[in-house]
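In what follows, a structure is listed as structure tokens, so that the remarks can point back to it.
Sequence lines set the chain letters: A, B, ... in the order given, protein chains first and strands last, and positions in each chain run from 1.
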There are 2 protein chains.
Amino acid sequence: MISKKTKYGLKALIYLARRYEQGPILIADLARDESIPKKFLENILLNLKNAGVLQSRKGRGGGYALGRPPEKITFGQAIRLMEGPLAPVPCVSEMAYARCTECGSELTCGIRLVMKDVRDEMARILDGTTLADVLVKIDGAEDRGRNLIDFCI
Amino acid sequence: MISKKTKYGLKALIYLARRYEQGPILIADLARDESIPKKFLENILLNLKNAGVLQSRKGRGGGYALGRPPEKITFGQAIRLMEGPLAPVPCVSEMAYARCTECGSELTCGIRLVMKDVRDEMARILDGTTLADVLVKIDGAEDRGRNLIDFCI
DNA sequence: ACTTTATTCAACTATTTCAGTCAACAAAAA
DNA sequence: TTTTTGTTGACTGAAATAGTTGAATAAAGT
């Protein structure tokens with residue numbers, strides 16, 4: 001399960017992607033609209049900014065915005081920043097490999113053999129999904145929801 | 001990342017699968033061979049026994065064994081028992097569904113739309129891999145390792 | 001210059017989970 | 001009945017999670 005921090009962060013990124021090129025967005029507005037504790041959100045956005053995913057401006061007219069276009073930010077990047085490596089075990093991580101302590105022969109570890117496949121599939125999906133893709137998915141789901149209602153009427 | 005508890009538990013299951021039909025295995029032997037803290041391992045095995053995955057016998061000649069054949073125990077089952085649901089968010093879990101608190105419209109949640117795919121792929125792999133499958137994978141990997149050495153010689 | 005509006009940053013706290021230990025207890029075989 | 005072995009619940013220290021508090025800093029408008 002992903003942490004609340006990660007979930008809040010992803011919600012914020014989607015929110016900012018939807019309003020890309022509308023100028024800076026206030027933390028307060030974001031926190032209110034997505035019901036995220038404001039002070040907690042400050043920490044999260046600051047992290048994402050230091051990682052280069054977001055940019056900010058202080059003072060009147062300031063706020064947060066994406067650091068690059070929604071097509072250039074993937075779920076995989078964002079999740080790794082907030083949640084850590086995607087891999088279920090460190091010895092199959094591509095971005096943050098680490099040897100499993102006390103795991104004799106790495107090539108013949110049964111857990112590793114299975115978890116490698118899991119990691120690769122997760123990476124395929126999450127690194128292949130940008131914020132722009134998610135906006136399209138959401139719009140599609142909303143349309144399907146509307147059609148269902150129209151059909152009922 | 002999976003917890004040590006889960007990793008130890010999976011190692012123990014693979015160990016017991018390898019020695020299936022060799023009679024009960026002592027916790028002490030398992031702990032020694034896989035370098036798992038014995039007392040911690042007791043907790044883990046007890047959990048798996050209460051869930052029906054393992055069986056045990058007390059007294060001399062006792063020990064732990066799989067509760068059913070290795071072809072009938074999947075990685076998915078074991079991981080769910082020790083680590084909890086596979087799903088990254090509760091609202092896409094098939095075995096332990098829960099509504100995301102304060103997540104307005106479930107059908108149009110961007111996070112949910114992506115995480116559904118992740119969960120389904122994880123479930124496909126982990127529920128489709130039995131302990132028997134893992135033994136075969138390990139043997140295959142060992143053979144490949146041996147051939148590599150032969151080739152070098 | 002001064003105030004308002006915002007982000008930034010460090011530090012602090014409460015709750016929960018993780019990882020592991022301890023010691024008493026129960027059962028079965030020798 | 002004694003020894004061997006598993007069973008169980010309670011306990012502990014460390015780390016992660018989920019925040020909160022309060023002050024510093026920067027930019028814009030007056």
Side-chain angles (χ1 to χ4, degrees), chain A residues 1-12 16 22-32 34-67 79 81-85 88-90 100-103, chain B residues 1-12 16 23-32 34-67 79 81-85 88-90 100-102:
Chain A
M1 292 277 179
I2 62 177
S3 62
K4 291 206 174 184
K5 176 180 175 180
T6 300
K7 204 189 291 187
Y8 291 158
L10 291 175
K11 275 186 187 296
L16 293 175
Q22 281 184 23
I25 303 291
L26 298 186
I27 293 184
D29 292 347
L30 215 170
R32 179 180 19 78
E34 297 289 341
S35 7
I36 301 172
K38 183 172 171 249
K39 280 299 195 174
F40 194 19
L41 183 58
E42 284 180 18
N43 291 334
I44 297 166
L45 295 184
L46 187 56
N47 271 290
L48 291 173
K49 186 210 155 190
N50 289 335
V53 174
L54 297 181
Q55 62 184 59
S56 68
R57 275 184 57 186
K58 288 183 175 183
R60 177 162 291 175
Y64 272 95
L66 296 188
I79 290 176
L81 287 174
M82 294 181 290
E83 193 76 13
V89 281
C100 283
T101 47
E102 306 303 331
C103 197
Chain B
M1 292 279 178
I2 62 176
S3 62
K4 290 206 176 186
K5 177 180 174 180
T6 300
K7 204 189 289 186
Y8 291 158
L10 290 176
K11 275 186 186 295
L16 294 174
I25 302 290
L26 297 186
I27 292 184
D29 290 348
L30 215 171
R32 179 178 20 78
E34 298 289 341
S35 5
I36 302 172
K38 184 171 172 249
K39 283 298 196 173
F40 194 18
L41 183 58
E42 285 180 17
N43 288 335
I44 297 166
L45 296 184
L46 187 56
N47 271 282
L48 291 173
K49 186 207 153 189
N50 289 336
V53 175
L54 297 182
Q55 60 184 55
S56 68
R57 275 183 56 187
K58 287 183 178 182
R60 175 161 292 178
Y64 273 94
L66 296 187
I79 290 176
L81 288 173
M82 294 180 291
E83 193 76 12
V89 281
C100 283
T101 48
E102 306 304 330

Please give, in whole Å, the distance from dT7(D) P to Asn47(B) CG?
12 Å

Less than 3.5 Å between a donor and an acceptor, one on the side chain of Lys39(A) and one on the base of dG22(D), is that the case here?
yes

Quick one: is dT7(D) close enough that its OP1 or OP2 comes under 4.0 Å of any side-chain N or O from Tyr64(B)?
yes

Nearest whole angstrom, please: distance from the C1' of dT13(C) to the CZ of Phe40(A).
14 Å

Of Arg60(A) and Glu42(A), the one whose nearest nucleotide on DNA chain C sits closer to the 5' end is Arg60(A)

So, is Lys49(B) near the phosphate of dT7(D), with a side-chain N or O under 4.0 Å from OP1 or OP2?
yes

For a side-chain contact (heavy atoms from CB on, under 4.5 Å) check, start with the C-alpha distance between Asn47(A) and Leu81(A), then their side-chain angles and the critical distance, and finish with the verdict.
CA-CA 8 Å; Asn47(A) 271 290; Leu81(A) 287 174; over 6 Å; no

What nucleotide among dT7(C), dA27(D), dT8(D) has an atom nearest to a side-chain atom of Asn50(B)?
dT8(D)

By nearest heavy atom, map Ser3(A) and Gly59(B) onto DNA chain D; which one lands nearer the 5' end?
Gly59(B)

Between dG19(D), dG6(D), dA19(C), which nucleotide has the shortest distance from any of its atoms to the side chain of Ile27(B)?
dG6(D)

Distance-only donor-acceptor test, Asn43(B) side-chain atoms vs dT21(C) base atoms, 3.5 Å:
yes

Lys7(B) NZ to dG20(C) P: how many Å, rounded?
11 Å

Which heavy-atom pair separates Lys49(B) from Gln55(B) by the least distance, and what is that distance?
CG-CA, 4.2 Å

Tell me the interatomic distance from Lys4(B), atom NZ, to dA19(C), atom P, rounded to whole angstroms.
7 Å

Heavy-atom closest pair (Leu10(A) atom, Met82(A) atom, distance to 0.1 Å) is N-CE, 4.0 Å

Nearest-angstrom distance from the residue atom CD1 of Ile36(A) to P of dT20(D)
12 Å

Please determine, for the side chain of Leu46(B), which listed nucleotide (dG20(C), dT8(D), dA26(D)) has the closest atom?
dT8(D)

Find the distance Ile44(B):CD1 to dG6(D):C1' and express it as a whole number of Å.
16 Å

How many Å lie between CG on Leu30(B) and C1' on dT5(D), as a whole number?
15 Å

Gap between atoms CG and P, on Leu48(A) and dT7(C) respectively (whole Å)
14 Å

Is Ser56(B) near enough to dT7(D) that one of its side-chain N or O atoms lies under 4.0 angstrom from OP1 or OP2?
yes

Closest non-hydrogen atoms of Ala12(B) and Leu41(B), given as atom of the first, atom of the second and distance, are CB-CD1, 4.2 Å

Using a cut-off of 4.0 Å on non-hydrogen atoms, how would the nucleic acid contact of Leu45(A) be classed: base, sugar-phosphate, or nothing?
nothing

Looking at every non-hydrogen atom in both residues, tell me the closest pair between Val89(B) and Lys7(A) and how far apart they are.
CG1-CE, 4.0 Å

Short side-chain to backbone donor-acceptor contact, Glu34(A) and Tyr8(A), under 3.5 Å:
no

Please check the phosphate of dA18(D) (OP1 and OP2 only) for any side-chain N or O of Tyr8(A) closer than 4.0 Å.
no

Which of these nucleotides, dA26(C), dT20(D), dA18(D), is closest to any side-chain atom of Pro37(A)?
dT20(D)

